[in-house]
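As C-alpha cells, the structure follows; a few thoughts come after it.
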Amino acid sequence: MYLLNHYTAGVILFGDRTQLISHSLPKVNFDNYEAVLSFVLVNNNHWKLLYIHANTSTVFLVDPAQSIKELDDSEHAAKRIQEHFRMRSHSITDWVDVKWKGGVMGHPLQTDGCSCGVVVVKMAKAVMESFPLIPNVNFECSKKYMKRERRELALEILEASVFDEHTYCAMCAALRPPGSGSPITDWVQCDDCERWYHAQCLAMDSRDFKKAETGYWNCPLCK
C-alpha cells in the first residue's frame with residue numbers, strides 16, 4: 001500500500017493541469033502497489049479519506065460527515081485519478097490503462113463539527129487492518145468518545161515526536177501556547193517524566209496550576 005501525502009492528493013483531485021504535471025510522482029511505480037491511501041483537505045476545513053483499491057479498480061472518497069453526494073464525489077475522484085495517470089508521462093505506463101470507478105464504503109458518521117480528522121485517521125487504520133479486503137468500517141462516533149480519541153491521538157503523536165522536552169511544551173510542541181496573546185506563559189513540570197507543559201494547553205485554572213506548581217504532579221502521559 002502506497003501512502004500518498006495529503007497535499008499531492010489534493011492537487012490530483014482539485015488542482016489544475018499545471019499543478020498536476022508538477023506532482024506526477026515520476027519515481028513511483030504504482031504497479032508495485034495494490035492500493036493508495038491518503039487524506040484530503042476540502043475547503044481548508046474538512047478532512048476526507050482517499051482510498052484507491054487497485055484490485056477492484058475502485059476509488060473511494062470517504063466523507064466522515066453525512067453526505068448524499070459521496071458516490072458522486074468518489075466517481076469524480078476516480079475520473080481525476082484516471083486523468084492523473086494518463087498525463088504523468090509517455091514513458092510512465094503504470095496504472096495508465098486502469099478504468100477507475102467510484103465506490104462507497106460503509107463507515108460511521110461524525111456527530112459534531114470538529115472530529116473529521118480523528119474519524120478519517122480511525123477509518124484509515126481500519127482500511128489498513130482489513131487490506132486487501134474492503135472493510136465495512138464501524139466504530140463509535142459519539143462526542144464523548146471522539147473527545148477521548150482526539151486526546152489519545154494527540155498524546156500518541158506527541159509521545160512519538162522528536163523535540164526538546166525541556167524547552168517546548170509536550171502538549172503543543174511550541175514555546176508559546178497556540179493563539180496566546182499574553183507575554184507571560186505559565187509552565188508546569190511533570191514530577192515523573194520531567195516534561196514541561198503550558199498550563200493553558202492543559203486547560204488548568206489558577207487553582208489547579210498552583211497545586212501542580214507547589215505539589216506533586218503527574219502529566220497526562222504518566223497517569
Side-chain angles (χ1 to χ4, degrees), residues 1-110 112-139 141 153:
M1 182 179 295
Y2 182 76
L3 301 181
L4 179 67
N5 76 76
H6 80 275
Y7 182 78
T8 299
V11 169
I12 292 173
L13 296 188
F14 308 115
D16 58 33
R17 187 176 181 86
T18 302
Q19 291 175 304
L20 281 175
I21 293 174
S22 63
H23 289 79
S24 61
L25 304 172
K27 296 183 179 180
V28 181
N29 185 347
F30 285 92
D31 284 339
N32 295 329
Y33 301 94
E34 297 180 57
V36 173
L37 188 64
S38 187
F39 302 113
V40 179
L41 183 59
V42 181
N43 297 326
N44 290 321
N45 63 6
H46 185 62
W47 288 102
K48 295 185 180 182
L49 181 73
L50 175 65
Y51 184 35
I52 306 173
H53 194 262
N55 289 344
T56 59
S57 305
T58 307
V59 175
F60 301 91
L61 188 57
V62 189
D63 191 342
Q66 189 168 13
S67 173
I68 61 174
K69 294 178 56 182
E70 189 161 314
L71 179 57
D72 292 339
D73 291 342
S74 293
E75 289 176 344
H76 176 74
K79 181 179 178 181
R80 294 284 299 193
I81 294 296
Q82 192 150 333
E83 291 174 355
H84 170 73
F85 283 108
R86 286 179 176 175
M87 69 179 294
R88 286 172 76 201
S89 170
H90 292 298
S91 61
I92 303 175
T93 59
D94 48 321
W95 285 10
V96 72
D97 294 323
V98 179
K99 295 182 179 180
W100 300 101
K101 59 181 180 294
V104 174
M105 180 191 306
H107 63 87
L109 300 173
Q110 68 181 93
D112 57 24
C114 60
S115 292
C116 55
V118 181
V119 175
V120 295
V121 167
K122 290 183 67 64
M123 288 195 295
K125 181 180 179 181
V127 165
M128 296 182 74
E129 290 175 344
S130 300
F131 183 77
L133 301 177
I134 299 173
N136 183 21
V137 183
N138 186 30
F139 52 80
C141 270
L153 180 60

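We're numbering straight along the sequence, starting at 1. Below, each value reflects all heavy atoms present in this structure, side chains not excepted, and no hydrogens, waters or symmetry copies.
- Side-chain atoms of S67 do not come within 3.5 Å of backbone N or O of A65 as any donor-acceptor pair.
- For the pair K48/D73, a side-chain contact is recorded, criterion being any heavy-atom separation below 4.5 Å from C-beta on.
- W95 places a side-chain heavy atom less than 4.5 Å from the side chain of V36.
- Scanning both residues, V104 and E70, for their nearest heavy atoms gives CG1-OE2, 4.1 Å.
- Listed here is the closest heavy atom pair of S57 and V98: OG-CG1, 3.6 Å.
- Here the OH atom belonging to Y33 is positioned 13.0 Å from the CD1 atom belonging to I52, to the nearest 0.5 angstrom.
- Remark: H76 NE2 to I81 CD1 distance equals 10.0 Å, nearest 0.5 Å.
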For this session: Might you work through the side-chain contact (heavy atoms from CB on, under 4.5 Å) test for F131 and E34, ending with a clear yes or no?
Result: CA-CA 9 Å; F131 183 77; E34 297 180 57; 3.5 Å; yes
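- The environment of NZ in K101 is crowded: more than 12 heavy-atom neighbours from other residues, nucleotides or ligands sit within 6.0 Å.
- Remark: of the listed residues I12, T8, L13, V96, I12 is the sole one forming a side chain to side chain contact (heavy atoms under 4.5 Å, CB included) with H84.
- Panel note: side chain N43, backbone N45; no donor-acceptor pair is recorded below 3.5 Å.
- Looking at heavy atoms from C-beta onward, P64 lies in side-chain contact with V120 at the 4.5 angstrom threshold.
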For this session: Step by step, work out the side-chain hydrogen bond (donor to acceptor under 3.5 Å, both in side chains) result for D63 and H46.
Result: CA-CA 9 Å; D63 191 342; H46 185 62; 2.7 Å; yes
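- Across all their heavy atoms, V137 and M105 have their closest contact at CG2-SD, 3.9 Å.
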For this session: Decide side-chain contact (heavy atoms from CB on, under 4.5 Å) for L25 and L4; before the verdict, give the C-alpha distance in whole Å, the side-chain angles of both, and the deciding distance to 0.1 Å.
Result: CA-CA 10 Å; L25 304 172; L4 179 67; 3.7 Å; yes
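- Annotation: salt bridge (charged side-chain N to carboxylate O under 4.0 Å, His left out) contacts of R80 (sequence neighbours excluded): none.
- In this structure, the side chain of S74 engages the main chain of G103 through a donor-acceptor pair within 3.5 Å.
- Heavy atoms only, all atoms of each residue included: S24 and R88 are closest at O-NE, 2.8 Å.
- Classified by interplanar angle (parallel below 30°, tilted 30° to 60°, perpendicular above 60°), the ring pair W47/H6 is perpendicular.
- Taking 4.5 Å as the limit, some side-chain heavy atom of M123 sits within range of a side-chain heavy atom of F139.
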For this session: Decide side-chain contact (heavy atoms from CB on, under 4.5 Å) for M1 and Y51; before the verdict, give the C-alpha distance in whole Å, the side-chain angles of both, and the deciding distance to 0.1 Å.
Result: CA-CA 10 Å; M1 182 179 295; Y51 184 35; 4.1 Å; yes
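- For D94 against F85, the heavy-atom pair with the smallest separation is O-CD2, 3.6 Å.
- L49 is not listed as a side-chain neighbour of L61, based on a closest heavy-atom distance of 4.5 Å or more.
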Exercise. Between F60 and I134, is a side-chain contact (heavy atoms from CB on, under 4.5 Å) present by the stated rule, with each step listed?
Worked result: CA-CA 10 Å; F60 301 91; I134 299 173; 3.7 Å; yes
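- Looking only at side-chain heavy atoms (C-beta outward), L37 and L50 stay at 4.5 Å or farther from each other.
- Atom CG in L41 sits 8.0 Å away from atom SG in C116 (nearest 0.5 Å).
- Between N5 and F39 the shortest side-chain heavy-atom distance does not fall below 4.5 Å.
- Taking the six-membered ring where tryptophan is involved, the planes of H23 and Y7 are tilted, since the angle between them lies from 30° to 60°.
- Between L3 and S38 there is no side-chain heavy-atom pair separated by less than 4.5 Å.
- Residue L153 holds its CG atom at 10.0 Å from NZ of K125, rounded to the nearest 0.5 Å.
- With hydrogens and angles ignored, the 3.5 Å screen pairs a side-chain donor or acceptor of Q82 with a backbone N or O of W100.
- Taking S130 as the reference, P135 meet the side-chain contact (heavy atoms from CB on, under 4.5 Å) condition, with sequence neighbours excluded.
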